[in-house]
Structures are given as structure tokens and as C-alpha cells.
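Remarks on the structure that follows.
For the numbers below, each heavy atom of this structure counts, side chains included, while hydrogens, waters and symmetry mates do not. Quick note on labels: first sequence line is chain A, next is B, and so on, each numbered from 1.
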There are 2 protein chains.
Amino acid sequence: MSSSAGSPDSGGIPDIAGNGNGSGQPGTAANGRPLPEATIARLPVYLRALYSLSERGVSTVASDELSAAAGVNSAKLRKDLSHLGSYGIRGVGYDVDYLVYQVSRALGLTQRWPVVIVGGGNLGRALANYGGFVNRGFKIAAILDSDRGLIGRRIGDVAVRHVSDLEDVVAMNKVVIGVIAVPAPAAQGVCDRLVAAGVTSILNFAPLVLKVPDGVDVRKVDLSIELQILAFHARRRSAVRVERVPEDEQVPEEESV
Amino acid sequence: MSSSAGSPDSGGIPDIAGNGNGSGQPGTAANGRPLPEATIARLPVYLRALYSLSERGVSTVASDELSAAAGVNSAKLRKDLSHLGSYGIRGVGYDVDYLVYQVSRALGLTQRWPVVIVGGGNLGRALANYGGFVNRGFKIAAILDSDRGLIGRRIGDVAVRHVSDLEDVVAMNKVVIGVIAVPAPAAQGVCDRLVAAGVTSILNFAPLVLKVPDGVDVRKVDLSIELQILAFHARRRSAVRVERVPEDEQVPEEESV
DNA sequence: CGCCGTTTGTGAACGGATGCACAAAGTCCA
DNA sequence: TGGACTTTGTGCATCCGTTCACAAACGGCG
């Protein structure tokens with residue numbers, strides 16, 4: 001524990017309405033310092049595990065179980081959660097529903113963020129159909145595409161609109177999060193328009209490095225990069241394994257295409 | 001890769017035929033130590049930037065330019081590349097094509113890895129159509145789905161097969177990399193079958209934590225996690241600035257960035 | 001009421017990654 | 001040929017994240 005976390009007590013579950021850590025600033029830990037980036041990246045994983053537990057009727061969970069479900073070290077889990085405040089009960093564990101609430105609040109998911117998806121191809125459609133998970137904290141303000149043949153087609157429960165509506169959609173719905181699911185050559189242009197329209201957070205699926213002004217947050221998801229990292233480890237593994245593997249089992253060596 | 005794997009020897013570029021760093025072990029740096037994980041994760045980004053330069057006819061690039069194109073610090077780029085060997089020329093920069101070759105080799109992309117994609121829905125289709133990028137080092141051995149209505153349908157230039165062929169496909173093509181693009185409830189089962197069949201590297205798009213035995217490498221791509229991280233930063237930003245106003249007249253000057 | 005087993009929260013040590021700053025090494029031109 | 005200029009490769013200090021290990025805190029039980 002630390003300085004000024006006005007931690008209520010009174011036996012039961014404390015502090016539902018307030019912000020729990022005494023700091024009015026969102027995105028700050030109980031000690032007033034910003035949340036570590038690595039912690040932020042893990043909170044959604046915990047949250048999903050917690051939802052799963054909650055749906056199964058589990059009301060209390062210890063850090064051992066929760067960390068196992070999330071695939072992380074238990075000490076790491078405890079330290080991550082301790083950054084949000086002191087919400088565990090020693091000797092018992094964490095109240096699942098209360099922790100769902102606290103983690104959601106820490107992530108800013110007490111509101112539903114409108115998201116605009118640019119690109120109505122297979123990827124855009126896959127994203128829109130993510131349904132159950134996207135809906136926890138997000139709603140699709142619009143799906144945009146430049147192909148007029150797609151306009152009006154419904155994906156999930158949203159109709160595709162033309163990309164020329166981008167600025168209108170962002171302004172009308174106060175969208176600050178955009179997803180780019182267009183081919184690489186079109187991505188930077190879409191990005192520039194999103195930023196100009198007021199979007200400050202971008203999830204980029206196009207395989208290129210977007211240039212954005214300071215203050216705009218970009219995260220990228222790139223299939224080919226992930227595959228290449230896997231290939232690296234796979235090759236290292238296969239090279240180590242060669243000694244104890246029959247010769248015809250080896251992964252093909254050099255090959256000119 | 002279009003040109004020959006045996007790399008060009010022109011103008012005193014050293015050490016072509018060997019593995020460049022004197023170590024026979026793939027995945028090790030020039031000093032014999034394993035490559036840092038952070039470096040591995042960036043190599044694909046450099047590689048893409050290098051391909052782009054090469055296609056534009058650029059033959060030589062300095063770390064400043066390349067690092068800008070890759071969106072990283074130039075010292076970081078140089079240190080990353082130095083782990084592969086000393087392939088730069090002081091006062092000049094790096095030979096683009098030669099660096100493409102070296103980075104490809106470091107990543108294990110001198111061979112084309114067969115990949116099996118499980119799930120022929122929108123996501124699986126999107127992955128299969130990644131085309132140009134997936135083909136740099138990878139080929140799709142098969143796309144599998146449990147929906148018999150999809151069987152035989154062509155995606156890219158691969159026909160969808162039934163998921164019951166999984167073990168056959170993996171065995172026949174010596175597949176070690178699998179992509180899971182099925183709904184969450186089916187993912188663990190698919191994962192278990194892939195592992196049992198011999199797959200040791202898995203790229204998971206389903207929103208859950210896969211349980212795998214030691215020695216199996218799993219990377220996950222999760223839209224909702226990325227969105228939640230973006231939401232966190234978006235909320236922090238919006239809290240620092242004033243609440244968004246419908247009118248676009250606001251220029252808050254709280255802090256300079 | 002006090003003891004016991006359990007679990008949290010965290011201090012501290014460690015290891016990896018980052019970025020600065022500079023010497024070494026090469027090119028280019030007069 | 002030599003000197004000025006450019007750019008690499010890296011030592012070093014720093015920061016961030018991970019993990020161990022344990023004292024403090026809690027509920028339950030006799």
C-alpha cells in the first residue's frame with residue numbers, strides 16, 4: 001500500500017461509486033504514477049478471464065487461478081492489479097465481479113467507444129463480426145469502403161457506407177478510434193483523413209508504417225510479421241532437433257524458388 | 001524471392017557463402033549469443049522497408065533513412081543489424097539487396113514455410129488473400145473448415161478442405177506453422193489437434209489463452225485487446241484535454257507536445 | 001480469543017532493452 | 001596521396017519489466 005489511497009474498509013466490498021484510488025486522473029495507478037505500459041497490455045487478458053469466471057458463477061478467485069487462466073506469472077498478476085488499487089482480500093483472493101468493474105474502469109470501458117472501420121473487405125467483415133467481444137466497450141459507428149458495389153450491404157448489424165462519409169461519421173459520432181483495414185497503398189491516405197477528422201487512436205492492419213503527427217496513437221497488427229517471428233523460432237527449433245531426428249524428417253533446407 | 005539465393009559478390013562485400021557470423025547455429029547473433037527477442041520482432045519491419053526501397057531501385061541506404069522508414073530510432077536499428085553481423089559500410093550505409101538477403105536468412109526465410117490455416121470464415125479468407133506478403137517466405141498448404149458448405153470453394157488459389165484432413169495435410173506437407181482462425185469455442189480443440197499432428201508454431205486469432213505443451217510457440221493476435229489498449233490511451237488523452245465539443249472551435253493549450 | 005493456514009502486496013535483485021555519444025573505419029575529392 | 005566528411009558499430013548509463021521471496025493481513029476454527 002502507499003500514500004493517500006483513501007481505502008475504505010467496513011468489512012464488505014468497498015468503494016463502488018468512487019474512483020477507488022483517490023486520483024481523479026484516469027490512467028493513473030493508485031500511487032498517482034501512470035500505469036506501466038506492460039500492465040495496460042495485460043489488463044484486457046485478465047478482464048476476459050474474469051468475464052469467463054463470472055459467467056461460470058465463480059464469485060472469488062485467487063491470483064494463482066486467475067494468473068493461470070490468463071497465462072501469466074501470479075506475482076505479475078498481483079503487481080499489475082496492485083497498480084489499480086488494493087482490491088484483493090488477503091487469505092481469500094479477489095471478488096470476481098468487483099474486479100471486473102475495477103479493471104473495466106481502469107481501461108476506460110465504462111463507456112462504449114464508437115469505432116469506425118475503414119475497409120469492408122474480408123478483414124473488415126471479420127472485425128465487424130467479432131460481435132460479442134467488440135461489444136464489450138465498443139460499438140461500430142460505421143464501416144466504410146470505396147467500392148460502391150458494397151455500399152448498403154449489411155455486415156453484422158451495420159450497413160457499409162461510402163468512404164466519402166468518413167468525416168461526417170467521425171464528427172457526428174464523436175469517433176476517436178479508427179480501424180484501418182484497407183490495402184496498403186490506400187492506408188496512409190485513409191490515416192491522414194482519420195487524423196484530420198479528429199481520430200486520435202488508430203488500429204492499423206495494413207502492412208506499412210503509418211506516419212502520424214504527435215499525439216496520435218497507432219497500434220499495428222501485421223500477419224506477416226507474426227508469421228516471420230514464428231518462422232524464426234521454428235527454424236531454431238528444427239535446427240536444434242536435427243540430431244535426434246531421422247534424416248527424412250528434416251525440414252527442407254535451402255531451396256531456390 | 002526473385003533473385004538467386006547465392007548472393008552477389010561485388011565490390012568487396014565480405015563473407016557471402018557462409019552464414020556470415022561464423023556460427024552454424026541459426027538464430028544466433030554474430031557473437032554466438034541468441035538474438036534478442038526485441039530485435040527479432042523488428043527484423044520483419046526492416047525487411048519490409050528494405051523490399052520497398054529495393055523495388056524503388058534504391059541500392060544503398062543509411063541507418064537514418066532506413067530507421068525512419070521503419071519507425072524506429074537509428075541507433076536501435078544499427079544495434080539490431082549489428083547482431084546479425086557487420087554488414088554496413090562506414091561512411092556509406094547498407095547495401096539494400098544484400099541486407100534483404102541477410103535479414104531474410106536471419107529470419108529463416110530462405111525457405112518457404114508451408115502454413116495451414118484453420119478456419120475459412122472472413123478472417124481465414126482475409127489471411128489467405130494477404131497474397132503478396134504472405135508469399136514472401138510462406139505458402140498456404142491448406143485452408144480447413146468444418147462447414148461442408150465451404151469445401152471446395154477457392155480462396156486465393158487454394159481450395160478449402162474439410163478440417164478432418166488436418167492431420168493428413170500437416171503430415172504430407174511437413175507443416176510446422178498453423179494459424180487458428182476459428183471461433184473461440186473451437187480453438188483449443190483445433191490447437192490440440194495441430195500440436196498432436198506435429199505443428200510447433202501457432203498463430204492464434206481466437207480470443208482465448210491457448211494451453212499448449214512446452215516446446216510449442218504460440219503468438220496471439222486479438223482485436224479486442226488492441227482496441228482496449230487504444231481506449232485506455234484515448235481516455236487518458238481526452239481527460240487531459242477538454243471534453244470534446246461538437247463545434248470544432250477549440251484549441252486548448254494546456255501543454256506543448 | 002488466539003492460533004493457524006492462506007493469500008495478498010511489495011521490497012529488492014536481476015536481466016533485458018533503449019538511446020546517447022563517440023571512436024573507428026570507410027568514402028570522396030582536391 | 002592526404003585530409004575532411006560521413007556513417008557505422010558499440011560502450012555505457014539508464015530505464016522498464018520480471019521474478020523471487022517474505023512480512024503483513026485476513027478468515028476460520030477450536
If you only use heavy atoms from C-beta on, which nucleotide in D:dT18, D:dT8, C:dA17 is closest to the side chain of A:Lys76? D:dT18

Whole-Å gap separating C1' (D:dT19) and CG (A:Leu77): 14 Å

Write down the distance between CZ (B:Arg90) and P (C:dC22), rounded to a whole number of angstrom. 16 Å

Could you check whether A:Arg112 makes a cation-pi contact with A:Phe138, meaning its NZ or CZ is under 6.0 Å from the centre of the six-membered ring and within 45° of the ring axis? no

Could you state the atom-to-atom distance from CZ of A:Arg33 to P of D:dC15 in whole Å? 11 Å

Derivation and outcome, salt bridge (Lys or Arg N to Asp or Glu O under 4.0 Å), residues B:Asp222 and A:Arg48: CA-CA 11 Å; B:Asp222 191 318; A:Arg48 195 162 59 209; 2.2 Å; yes

Whole angstroms only, please: what is the NZ-P distance between A:Lys79 and C:dG11? 8 Å

Against the side chain of A:Arg42, the closest entry in D:dT18, D:dT10, C:dA17 is D:dT18

Between atom CZ in A:Arg78 and atom P in D:dA21, what is the gap in whole Å? 13 Å

What is the distance, rounded to the nearest whole Å, between atom CG of B:Leu35 and atom C1' of C:dA17? 14 Å

Can a side chain N or O of A:Ser63 be found less than 4.0 Å away from OP1 or OP2 on C:dT8? yes

B:Ala62 has a side chain; which of C:dA21, C:dT8, D:dT7 sits nearest to it? D:dT7

Quick one: is C:dC20 close enough that its OP1 or OP2 comes under 4.0 Å of any side-chain N or O from B:Asn73? yes

How many whole angstroms separate atom CD1 of A:Ile89 from atom C1' of C:dT7? 11 Å

Taking only N and O in the side chain of A:Tyr94, is any of them less than 4.0 Å away from OP1 or OP2 of C:dG9? yes

Can you check whether A:Leu84's main-chain N or O pairs, donor with acceptor, with A:Asp80's side chain at less than 3.5 Å? no

About how many Å separate CG of A:Leu50 and CG of A:Leu66, when rounded to the nearest 0.5 Å? 5.0 Å

For the pair made of CG in B:Leu66 and C1' in D:dT8, what is the distance, rounded to whole Å? 13 Å

By nearest-nucleotide position on DNA chain D, the 5'-leaning member of A:Thr39 and A:Val92 is A:Thr39

For the pair A:Arg42 (side chain) and A:Leu77 (backbone), establish whether a donor and an acceptor sit closer than 3.5 Å, ignoring hydrogens and angles. no

